[in-house]
There are 2 protein chains.
Amino acid sequence: MLSEAKFAETRQCGDCPIRHRAVCARCDSDELVQLDKIKFYRNYEAGQMIAWAGDQMDFVASVVTGIATLTQVMEDGRTQMVGLLLPSDFVGRPGRETATYNVVATSDMTLCCFRKKPFEQLMSSTPHIAQRLLEMTLDELDAAREWMLVLGRKTAREKIASLLCIIARRNAALQMLATEGEITFDLPLTREAMADYLGLTLETVSRQVSALKRDGVIRLEGKRHIIVPDFDRLMQEAGDDGDGGFLN
Amino acid sequence: MLSEAKFAETRQCGDCPIRHRAVCARCDSDELVQLDKIKFYRNYEAGQMIAWAGDQMDFVASVVTGIATLTQVMEDGRTQMVGLLLPSDFVGRPGRETATYNVVATSDMTLCCFRKKPFEQLMSSTPHIAQRLLEMTLDELDAAREWMLVLGRKTAREKIASLLCIIARRNAALQMLATEGEITFDLPLTREAMADYLGLTLETVSRQVSALKRDGVIRLEGKRHIIVPDFDRLMQEAGDDGDGGFLN
DNA sequence: CGTTATTTTGACGGAATTCAACCATCGTGG
DNA sequence: CCACGATGGTTGAATTCCGTCAAAATAACG
């Protein structure tokens, strides 16, 4: 935690791990200098609240390391996750004062933050940032719509398989691995978080994970480490036969 | 239909009904001249396919009049609507060759189309268009996430009430009416389309509409005309007590 | 090692789907 | 004019998948 903080403070844009994917990806060196002036790093511990829905948000940020979730909660406590923020993803919305959703750090995290006002000014003066943000927002919209199909039309088993597919894909993309043959990854979510993502109860999640294991679609090492012997089989279980189509 | 087409051909940007909300909303008169050069109107009849998922899309467009839907379809036919396109909404994605979803005209429609290549060039030269598109995309993303809560966590009755709320709100916004006291509007969707939007079967939709009628939450005139005596009551039924929070 | 969080598993009930029949409306052509 | 199919909608009965409630097992933690 301490080394993480020190690491963050001494970080330069040049060697930033998300440099090529984040909102700053299109910036040239001049623009990076501008960004550098208004950026600051912030660290969060696993379980910490980053923002409450309705709260004032005076900054926007890029996820540098770690995982966060966006959730909506109804008065009676029913919870739906509406976004999973991974490294390079953007947090917050320019042009809006308050947070729309709860943002929770699922793991220890580092954010690269920008005070909102200066960032908005920078956005209007350097089109590269707005361009990249538009691109990222369009991708997120596609992902959200893909997720609407999962929530609205898939069975519990298909939902679990879909989630595993997505995490596997993102993991592979991050590590430049192929999604063929045997694949291995860690689940960054508890059963409850999976349930909130999938619109299920945690009991149903547990049962369906067990069922996929029983049927040889996946193997488990501990509760969180997943081994997928045949990725095509998993995709079939997810109902995304053929082309599939999940983004990043 | 004929008068509609003629109407479309003679249309000038100045008196366009969606001028202040569409992707061109921020444009000054010079920029409108540029847009004018590459725009053309296209009419569709109710039920017509505007684009098939996977097909080449050589234009983007704004909805001028009418309603269209975005849908995803699984191999076995399960269908989920992922977007409802109303006047001023944007169709298509700059920087992408093919359509991601099926786009279907639900009513007779007029689109204001732009060939994609010139539009993309215009986007990079006139930041006002990209700015507005970013804003609209962020709004759509919020709407999609709101919908994820509906799909994932609400009961059938709440889903129906939520849909009615949204349509009522959009209708009120379009006609500059208040959402208080008695509200009246037409359902632009069949029971099946509602089911595809809500992740239900059409039978369940029918039953829950009847139940809301039986309980006095709504009244019906014919199958499609809805009367809401008390909008707050409807919102309560939707589970959006208090602040609510649906965007339009 | 005890305490707490997380997960698994079982039994049961209920909300929504499935399958099926029936009704209303509308345009068409005999 | 009315029989007719076609389309969209309603309603009923049986089934099923998932949620709820409960308890036990496992892992995490000070």
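Reminder, nothing fancy here: chain letters follow the sequence lines and each chain counts from 1.
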How about A:Asp196 and A:Thr79: does a side-chain donor come under 3.5 Å of a side-chain acceptor?
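Not at all, the side chains of A:Asp196 and A:Thr79 share no donor-acceptor pair under 3.5 Å.
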Of the options A:Thr106, A:Ile166, A:Thr69, A:Asp89, which is the one that meets A:Leu84 in a side-chain contact (heavy atoms from CB on, under 4.5 Å)?
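Output: one option passes, namely A:Thr69.
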Verdict with supporting geometry, A:Glu140 and A:Arg145, salt bridge (Lys or Arg N to Asp or Glu O under 4.0 Å)
CA-CA 9 Å; A:Glu140 272 187 277; A:Arg145 285 173 165 165; over 6 Å; no
If a protein heavy atom is under 4.0 Å from the base, mark B; if only from the sugar-phosphate, S; if neither, -; do that for nucleotides 12-30 of chain D going 5' to 3'.
BB----SSBB---------
Hey, could you give me each pair passing salt bridge (charged side-chain N to carboxylate O under 4.0 Å, His left out) that has a residue in residues 205-219 of chain B? Not counting sequence neighbours.
B:Arg157-B:Asp215, B:Glu182-B:Arg219
Return the set of residues passing side-chain hydrogen bond (donor to acceptor under 3.5 Å, both in side chains) with B:Arg233 (not counting sequence neighbours), or none when no residue passes.
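B:Arg233: side-chain hydrogen bond (donor to acceptor under 3.5 Å, both in side chains) contacts with B:Glu237.
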What contact category does A:Arg78 fall into here, base, sugar-phosphate, or nothing, at under 4.0 angstrom with non-hydrogen atoms?
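The answer is nothing, as A:Arg78 stays clear of every strand by at least 4.0 Å.
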Looking across every strand, which nucleic acid part, if any, lies under 4.0 Å from A:Ser206 by heavy atom: base, sugar-phosphate, or nothing?
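A:Ser206: base contact, heavy atoms under 4.0 Å.
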Considering residues, nucleotides and ligands other than A:Glu192, do more than 12 of their heavy atoms fall under 6.0 Å from its CD?
no
In whole angstroms, how far is the C1' atom of D:dT11 from the CG atom of B:Leu202?
12 Å
Separation of atom CG in B:Leu220 from atom P in D:dG9, rounded to whole Å:
11 Å
Is the positively charged end of B:Arg170 above the ring of B:Phe185, judged by distance under 6.0 angstrom from the centroid and angle within 45° of the axis?
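Not flagged: B:Arg170 not positioned over aromatic ring of B:Phe185.
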End-to-end axis angle, where each axis spans five pairs of the helix from C:dC1-D:dG30 to C:dG30-D:dC1, to 10°
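Taking five pairs per end, the axes differ by 30°.
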Where do A:Leu85 and A:Val103 land on the side-chain contact (heavy atoms from CB on, under 4.5 Å) test, with the steps shown first?
CA-CA 9 Å; A:Leu85 299 175; A:Val103 188; 4.3 Å; yes
Parallel under 30°, tilted from 30 to 60°, perpendicular over 60°: which one fits the rings of A:Tyr197 and A:Trp147?
tilted
Under 4.0 Å from a heavy atom of chain B: give me the 5'-most and 3'-most nucleotides of DNA chain C that qualify.
C:dA16 to C:dA20
Using ring pair (Phe, Tyr, Trp, His ring centres under 6.0 Å) as the criterion, list what pairs up with A:Phe231, not counting sequence neighbours.
none
